[in-house]
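Keep in mind it's a predicted model, so treat the numbers as computed, not measured. We name chains A, B, ... by the order of the sequence lines, and we start the count at 1 in each one.
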Amino acid sequence: MDILKSLNPQQVRAVTAKPGPTLVLAGPGSGKTRVLTHRAAYLIGELKARPFQVMAVTFTNKAATEMGNRITDLLGQRTQGLTLGTFHATCARILRMEAEHLPVNANYVIFDADDQVKIVKQVIRDLNLDEKRFRPQSVHAAISAAKNELYLPEDFPIQTYRDEVVARVYQDYQKTLLLSNALDFDDLLLWMAILLSDRKAVRDKYARRYQYILVDEFQDTNMAQYTLLKQLASYHQNLFVVGDSDQSIYRWRGADYRNVLRFEEDFPGAEVILLEQNYRSTQNILDTAMAIIDRNTNRKPKKLFTERGAGEKISIREAYDEREQAALVVETIIQQISERKASPGDFAVMYRTNSQSRLVEEAFLSANLSYKLVGAQRFYGRREVKDLIAYLRLVANPEDGFSLARVINTPSRYIGTKTFAELITVAGQQQISPGELLLHLAGEEPPELDSFSTPAGKRLAAFGRLLEKWRNAYQTLPPVEILDQILADTDYRTYIEDGTEDGYERWDNVVELRRLASEYQTVGLLAFLEDVALVSDQDTLDPSLEVPTLLTLHAAKGLEFKQVLIIGVNEGILPHQRSFDDPEAMEEERRLFYVGITRAKDNLHLFHSLNRYTFGYFEPLEASRYYRDIPLDLRAEDSFQPVHQLVDSGRLRIGRPWKELQRESASKIARENTFHPGEKVIHPKWGEGLVLNSSLQDDDEILDIFFEGVGKKKLIASLSNLKKIG
DNA sequence: GCATCGGATTTTTTT
DNA sequence: AATCCGATGC
């Protein structure tokens, strides 16, 4: 079997496991994704499962896309119909098809974290509760946790007064969502689980259809996800899950690595397969990782091993403050490139909290070096992007009162809070949503309402007519054209482009959103809005940009980089202060560090800072307790030596783009020939070639190379990205 | 209805 | 330090 030829025996065992519940416990870098991909291909190619009978659930859309491509590579074109996506996206799609069984209709929109907190806030106000005592954020977190545990408002367990308050808010929160024909992230899982539990016909339909279910990152499933998986697998019992308890980092989101243990209880016959060999990291990196994770209790000890050899030691560097730390990060990267150990795309800078990225970004910018930052929030959280999404949501679903509230006076149409409040009141009296009332006001024969015979009422009607126009366009036109109409009708560009630098940037974001929308020519507005709501941070990564990646430790899950730099290895940051008083949370901090370390293939650089600015105050910091667990013999010799002089001495070069840097580092090296006549090389464009001649000129190496079908070419070694083969 | 000012508050992690 | 919120004044 072709599919199996590149796998080790354990991987083969997993891929070819007989149908039935299967639990694959996979250490970092052990080929987990390979196993899942090959398993899917095996099911379709060898066991002759039809693609539509297979469901594969991944953690990010990016992982899903990659998996799809790799399955296609393995099989040819036979993946049509495969259900492949994140939990949330998969549920969203099924729920839309089964909307008749839900308290929302098929046009429902998905509310993002911002909207969710806004609703909670409004409910808290409507209930006359004290916002200081019941922070919307934290009440929302409690509601979210309840949903993940499958508690509906009426089942919410009440033990304290606070619980009682949360239950009341939850009740109204849920009502508000449904009135807006909207679901939140948690609802996607919750309603799916409820639908499958309560409607036997629906459960049977999907449980019979999905003969095979594959799940990635199983250690990070929550109760809702676990329950719906069990329901989906209730007929065929072919649930194949892959996970690693040591990499469970979403406890605060309801994830419970104990689902791994629960799996073995709930599926007594489950086959358990261990993947232990690591194909990613050097032994020094693995030893560091093990030294960290070994101190956690309640875990099965695991030995990570590789055939890659010891590799280089771990570097630990100390900075005076976080600014210097950032400079040091850039300096380290420059140094590694200069020594030709890596190229810009090989680096990742990881941190515990998003706010830590700022100084690193500034350091890159002041060195005139580009980088990419993982984080969907950066783009989708922008005001202008949110405005336009709100417009689109309103067009798709006029019942969405929250989007209406956002856009009704943006840009200003002189419809203020009072007029809007009146609209809501009258809509309430007529038992319709404000959006629908707005559409009625725009109609041929607007209802005779005293409250809207005013100038303000005229303005409402005018906006209603706009909405009506876009709604009509929505019936026939693709999303991007609706967006264009909205932009034109609201004169949005004039509104945001105020001549400032910011204004142009905002318009750039609009253009980018327009570009994204234009990819939804055929699938329509709802699909676009759904994808926009469910993008994960990793999805925003552009792999073709070969520059360093900046990301949180959480976002690093599932990724790998040749060189990993972790900053802020300090007490209070990693582990984070907020976890100090909770032993379970402290174990999770450790796992988080472990996840970061195990992303590294070749080099690991740890950084900590002696001081930091917090809320405007300068305060001392301690190095992280985790250092104490890293054996001395794994650390590079210069570790811990203060390096201030390095940065102060101006060795941190300013104003040098990556290309220049690489060219320069190449020329430094090119004092002797790296290529010799007769050697075979591979060129990204021309493919395989034969070196005819090599000479040194101006500190660089000039090559004559013969390419099959192309002819003889003169190339500069440092610029042409040649690789030796054979 | 909108702009401005001053005071409070902020830093976990994300679909 | 930077942002958010509410109160105040126009």
Below 3.5 Å is the cut-off: list the nitrogen or oxygen pairs between protein and nucleotides 6-10 of chain B, distance only.
{"residue": "B/dT10", "atom": "OP1", "partner": "A/R135", "partner atom": "NH1", "Å": "2.9"}

Shorter than 3.5 Å, N or O on both sides, protein versus nucleotides 6-9 of chain C: list them out with atom names.
{"residue": "C/dG6", "atom": "OP1", "partner": "A/R125", "partner atom": "NH2", "Å": "2.9"}

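Look at CG on A/N354: it is 11 Å from P on B/dT11, rounded to the nearest Å. In this structure, A/E619 places its CD atom 15 Å from P of C/dA1, rounding to the nearest Å. Between A/R253 atom CZ and B/dT13 atom P the separation is 13 Å, expressed in whole Å. Rounded to an integer number of Å, the gap from CD of A/E589 to P of B/dT12 is 11 Å. Here B/dT15 presents its P atom at 13 Å from CG of A/L189, a figure rounded to the nearest Å. We find that CG of A/L183 is positioned 18 Å from P of B/dT15, with the value rounded to whole Å. Rounded to an integer number of Å, the gap from A/R578 CZ to B/dT14 P is 14 Å. What separates CE of A/M586 from P of B/dT12 is a distance of 15 Å, to the nearest Å.
Backbone-only engagement by A/N409 is indicated by non-hydrogen atom pairs under 4.0 Å involving sugar-phosphate atoms exclusively. If you check every strand for non-hydrogen atoms under 4.0 Å, A/S412 touches sugar and phosphate atoms only.
Applying the 6.0 Å contact sphere to CZ of A/R295 captures no more than 12 heavy atoms from other residues, nucleotides or ligands.
Judged as a side-chain contact (heavy atoms from CB on, under 4.5 Å), and not counting sequence neighbours, the contacts of A/A527 are A/Y520, A/V523. Remark: A/R262 pairs with A/D256, A/N259 by the side-chain hydrogen bond (donor to acceptor under 3.5 Å, both in side chains) rule, at least two apart or across chains. Remark: A/P136 engages A/V117, A/V120, A/K121, A/I124, A/E131 in a side-chain contact (heavy atoms from CB on, under 4.5 Å) (not counting sequence neighbours). Residues passing the side-chain hydrogen bond (donor to acceptor under 3.5 Å, both in side chains) test with A/R590 are A/D629, sequence neighbours excluded.
Between A/Q116 and A/I415, the residue whose closest nucleotide on DNA chain B is further toward the 5' end is A/I415. Each of A/R413 and A/T614 was matched to the nucleotide of DNA chain B holding its nearest heavy atom; the match closer to the 5' end belongs to A/R413.
In summary, the side chains of A/T353 and A/Q356 do present a donor paired with an acceptor at a separation below 3.5 Å, with no hydrogens or angles considered.
Taking the six-membered ring wherever Trp is involved, the centroid distance between the rings of A/Y250 and A/F59 falls below 6.0 Å. Centroid-to-centroid, the aromatic rings of A/Y170 and A/Y151 stay 6.0 Å apart or farther.
Rounded to whole Å, the C1' atom of B/dT12 lies 23 Å from the corresponding atom of C/dC5.
Minimum heavy-atom separation, A/D115 to A/R393: OD2-NH2, 2.8 Å.
Taking only distance into account, the side chain of A/H88 meets the base of B/dT15 through a donor-acceptor pair shorter than 3.5 Å.
Evaluation of A/Y250 against the base of B/dT13 yields no stacking contact (centre distance < 5.5 Å, interplanar angle < 30° required).
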